[in-house]
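Note sheet for the following structure.
What you see is a predicted model; the values in this text were computed from it and never measured.
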Amino acid sequence: MAALEEELTLSAVPLCAGPDGLLGVEQSDKTDQFLVTDSGRTVILYKVSDQKPLGSWSVKQGQIITCPAVCNFQTGEYIVVHDNKVLRLWTNEDVNLDKVFKATLSAEVYRIHSIQGTEPLVLFRKGAVRGLEALLAEPQQKIETVISDEEVIKWTKFFMVFRHPVLIFITEKHGTYFAYVQMFNSHVLSKYTLLLGQEEKSVIQSFTASLDRKFISLMSLSSDGCIYETLIPIHSSDTEKHQNQTVVRSLLLKTVVSGNARNSPALTVLDQDHIAVLGPPLPASKECLSIWNTKFQTLQISKELPQGTSGQLWYYGEHLFMLHGKFLTVIPYKCEVSSLAGALGKLKHSQDPGTHAMPHFVNWETSQGCGLESQSSELSKRILRRRKIEASVQPEIPASKQLLSTIKNDSEKHIEIELRKFLASKQTPDFHTVIGDVVVGLLGRCQTEPSFYPRNSLMQLIQMQVLSHSLCPRLMEVALEKSDVQMLQLCLQQFPDIPEAVTCACLKMFLNIGDDSLQETDVNMESVSDYTDAIQDEKMEEQNEILQNGFNPEEDNCDTCDKELNGKPQNTVEETSSCPVIPKRAALLNAILHSAYSETFLLPHLKDIPAQHITLFLQYLYFLYLKCSENATMTLPGIHPPTLNQIMDWICLLLDANFTVVVMIPEAKRLLLSLYKFVKSQICICSELNKIEVSFRELQKLNQEKNNRELYSIEVLEIL
């Protein structure tokens with residue numbers, strides 16, 4: 001049985017993806033970090049769990065990256081090729097790619113492959129392969145031609161077989177496909193011709209491969225919508241060069257995608273029994289991500305992607321990567337142990353830690369292929385290569401590292417002073433990342449030392465306006481534990497991605513905390529103006545003859561909507577003209593009203609709030625509405641007050657979630673009755689406006705017809 005979880009959007013801005021999509025997504029040396037190379041000039045390092053970029057590097061204007069960036073797992077360096085022949089190496093500390101190590105090669109590079117357990121390998125466009133260290137030792141060495149001039153490399157993959165690296169790449173020439181298998185421990189290059197069989201007229205659109213005992217299981221998705229499998233033997237002991245061998249494709253899955261897809265479909269192997277396919281299942285349908293069980297030939301799960309994709313699919317660990325629309329999206333997946341019950345969706349308990357048959361890479365030290373040398377020689381070369389020419393003295397420890405070291409041991413006051421110095425210094429390009437690391441360091445110490453709570457430092461960092469909830473999810477959790485309503489208010493104002501559960505937890509605290517505690521708390525009062533003061537008799541005396549946006553709280557008859565209010569309201573006006581909460585609580589509740597939310601995810605959490613608190617919040621919202629109705633603009637005074645739409649949306653949310661509970665509370669009866677009268681009066685107003693709409697249209701036509709007016713005129717228009 002397979003499952004696709006909710007998708008995550010890594011990039012908040014559209015990536016530079018050309019007609020063929022991104023250049024690639026590659027694993028970094030950290031499990032949760034990935035290198036994304038767009039089709040232009042940029043490489044971005046993303047952390048999936050935080051859904052944020054950790055770093056970004058670009059080549060100069062006029063240059064273009066021509067193969068995906070990869071990570072050297074032995075050194076932690078990143079490698080990329082731009083303009084086909086220029087190779088660059090850099091680390092997280094480097095900012096400008098123009099100043100990092102550079103090597104100009106003698107031939108064009110197709111791909112660089114890097115996996116754990118061995119050094120990276122460079123595949124050239126003409127089929128030759130070199131180890132990275134041997135290539136960097138002599139960048140201008142002659143590169144031989146392996147494939148013919150008319151052959152073009154279409155796809156390639158790197159494996160570890162019996163603790164030795166194996167490279168397979170597919171070429172195409174005049175509609176004929178060839179597979180090359182390079183074994184580096186025995187210097188054997190084997191070539192195979194892929195016989196298409198009965199589907200000779202179809203075009204292969206995508207490849208993927210996995211290891212199956214002593215064979216490479218090569219799977220291909222053709223333009224007829226079917227998936228075919230080819231078993232290619234691994235000759236690990238042969239010393240001769242095999243040429244002109246043929247292998248036949250066999251049908252694995254029939255018509256998994258439409259053959260008339262706008263973008264080329266894609267597939268990738270998840271484990272020995274499951275594959276993921278990207279493409280529309282029917283000609284007129286939208287693109288879907290589907291997981292198939294190849295053992296039982298059943299569709300396990302499918303997810304529609306309405307914004308379309310680039311026809312590219314990558315997977316690492318338990319994550320599938322793709323471009324959904326213009327944004328890089330990650331969909332976590334789980335494939336359980338393959339069984340007939342699981343394939344039919346009837347597996348009751350299915351969680352097997354051995355489900356994923358991912359390659360396990362083992363370090364090997366004695367390989368002699370592709371110029372691979374001993375580790376001691378590699379280490380010395382790396383040290384020489386990474387030396388900066390312009391660095392004549394040992395560089396100072398960066399200020400960010402000094403601050404992180406201070407956080408681990410020093411007092412709250414000293415941390416606050418050092419943080420203030422750091423924030424006042426010149427900002428570096430990785431400033432956002434450093435701020436996130438500082439917050440994580442402070443919260444980590446809060447967790448290990450309950451008495452440690454650097455409130456002032458955290459407030460400084462929040463006010464920098466570079467943080468988000470996904471960057472430091474523990475921050476609001478700690479503030480809730482400490483009942484720090486001021487910090488929660490600031491987070492609600494600054495963070496755009498607060499989960500609905502956290503928003504409701506803040507709402508509970510704001511409604512539950514006592515008035516005495518709030519009076520001693522420093523709260524931002526910008527969103528609250530004098531409308532929270534007690535009723536002003538003189539003002540009400542002057543305005544007692546004005547209807548509130550056509551709504552009279554005392555009138556409940558639709559027929560009286562057009563009459564003036566002759567008498568001064570008594571009980572209802574007294575209740576609605578004075579704010580039901582103190583100003584500081586009103587400021588906190590306004591922060592809730594301004595927060596972003598999804599109604600689907602918010603409603604379940606609103607049901608957990610006590611009924612008396614819901615009633616109090618409804619009374620405050622109703623009070624805000626009446627204040628909005630007092631002026632023609634339907635707005636509240638003050639800086640960043642709640643809008644009318646926000647007020648009405650929250651009234652509807654609270655009633656939807658808690659109506660059956662609130663209706664049973666005697667204290668809420670008068671409030672619900674007032675809301676009912678309000679809705680009824682608004683219906684009457686709309687009805688009356690609709691009646692005069694036709695008359696206004698006729699007046700507009702009359703005005704448009706009279707174009708020969710003098711500078712001054714008096715006209716009388718009679719409405720019948």
task: Kindly say whether His82 contributes a backbone atom to a donor-acceptor pair with the side chain of Gln63 at under 3.5 angstrom?
output: no
Test of ring centre spacing under 6.0 Å for Phe34 and Phe321: yes
message: If you define the side chain from C-beta out and look only at heavy atoms, does anything of Trp57 sit under 4.5 Å from Asn92?
response: yes
message: Just verifying a value: how many Å separate Lys47 NZ and Leu471 CG, rounded to the nearest 0.5 Å?
response: 9.0 Å
message: Tell me every residue that passes salt bridge (charged side-chain N to carboxylate O under 4.0 Å, His left out) with Glu172, counting only those two or more places apart in sequence or in another chain.
response: none
Distance-minimising heavy-atom pair for Ser56 and Ile44: OG-CG1, 3.9 Å
query: Do you know the tightest heavy-atom contact between Ala209 and Trp155?
result: CB-CH2, 3.5 Å
message: Can you confirm whether the side chains of Glu93 and Thr91 place a donor and an acceptor under 3.5 Å from each other?
response: yes
- prompt: Rounded to the nearest 0.5 Å, how far apart are CG of Leu8 and CD1 of Ile331?
  reply: 9.0 Å
- prompt: Once you round to the nearest 0.5 Å, how far does NZ of Lys191 lie from CD1 of Ile147?
  reply: 9.0 Å
- request: Output all residues satisfying side-chain contact (heavy atoms from CB on, under 4.5 Å) with Thr31, sequence neighbours left out; order by chain, then residue number.
  value: none
- prompt: Within a strict 4.5 Å, meaning less than it, do heavy atoms of the Leu87 and Val109 side chains meet?
  reply: no
query: Of all heavy-atom pairs between Val269 and Thr208, which one has the smallest distance, and what is that distance?
result: N-OG1, 3.2 Å
- prompt: Is there a side-chain contact between Ile415 and Phe452, using heavy atoms and a 4.5 Å cut-off?
  reply: yes
task: Output the distance between atom OG (Ser457) and atom CG (Leu419), rounded to the nearest 0.5 Å.
output: 5.0 Å
task: Return the minimal non-hydrogen interatomic distance between Pro496 and Ala596, and the atom names on each side.
output: O-CB, 4.3 Å
field: Non-neighbouring partners of Glu477 that pass side chain to side chain donor-acceptor pair (under 3.5 Å), sequence neighbours left out
entry: Arg474
task: For the residue pair Arg445 and Lys408, establish whether any side-chain heavy-atom pair is separated by less than 4.5 Å.
output: no
- request: Locate the shortest heavy-atom distance separating Ile153 from Gly127; write the atom from each residue and the value.
  value: CD1-N, 4.3 Å
- prompt: Under a 4.0 Å N-O cut-off, is there an ion pair linking Arg111 with Glu26?
  reply: yes
task: Using modelled atom types only, decide if a donor and an acceptor are shared between the side chain of Arg88 and the backbone of Val81 within a distance under 3.5 Å.
output: no
query: Would Arg125 and Glu108 pass as an ion pair if we require N to O under 4.0 Å?
result: yes
message: Taking atom NZ as the centre, does Lys482 end up with more than 12 heavy-atom neighbours from other residues, nucleotides or ligands that are less than 6.0 angstrom away?
response: yes
- request: Report yes if the side chains of Ile115 and Phe159 come closer than 4.5 Å at any heavy-atom pair, otherwise no.
  value: no
- request: Just do the side-chain hydrogen bond (donor to acceptor under 3.5 Å, both in side chains) check on Thr171 and Glu151 with the steps written out, would you?
  value: CA-CA 6 Å; Thr171 65; Glu151 281 185 76; 2.6 Å; yes
- request: Look up atom OG1 in Thr156 and atom CD in Gln182, then write down how far apart they are to the nearest 0.5 Å.
  value: 11.0 Å
query: Sequence neighbours excluded, which residues qualify as salt bridge (charged side-chain N to carboxylate O under 4.0 Å, His left out) partners of Asp437?
result: none
task: Using a 4.5 Å cut-off on heavy atoms from C-beta on, say whether the side chain of Ser114 contacts that of Phe73.
output: yes
query: Are any side-chain N or O atoms of Gln312 and backbone N or O atoms of Leu323, one a donor and one an acceptor, separated by less than 3.5 Å?
result: no
- prompt: Mind checking what makes side-chain contact (heavy atoms from CB on, under 4.5 Å) contact with Ser28, not counting sequence neighbours?
  reply: Gln33, Leu45, Cys71, Tyr78
message: What I want to find out is whether Arg130 reaches Glu138 closely enough, with some N-O distance under 4.0 Å, to be called a salt bridge.
response: no
- prompt: Is the cationic atom of Lys157 (NZ for Lys, CZ for Arg) positioned less than 6.0 Å from the six-membered ring centroid of Phe207 and within 45 degrees of its normal?
  reply: no
statement: dist Tyr333:OH -> His274:NE2 (nearest 0.5 Å) comes out at 10.5 Å
message: Would you say CD of Glu6 has more than 12 non-hydrogen atoms from neighbouring residues, nucleotides or ligands within 6.0 angstrom?
response: no
- request: Please list, chain by chain and in numerical order, all residues satisfying side-chain contact (heavy atoms from CB on, under 4.5 Å) with Thr37, sequence neighbours excluded.
  value: Leu23, Val43, Ile65, Pro68, Ala69
- prompt: Is any NZ, NE, NH1 or NH2 atom of the basic residue among Asp484 and Arg455 found under 4.0 Å from an Asp or Glu carboxylate oxygen of the other?
  reply: yes
- prompt: Heavy-atom distance under 4.5 Å between the side chains of Leu475 and Cys491, does that happen here?
  reply: yes
field: 4.5 Å side-chain heavy-atom contact, Leu461 and Leu467
entry: yes
message: Is there a side-chain hydrogen bond (donor to acceptor under 3.5 Å, both in side chains) between Asp497 and Ser470? Walk through the geometry before answering.
response: CA-CA 7 Å; Asp497 57 345; Ser470 58; 2.9 Å; yes
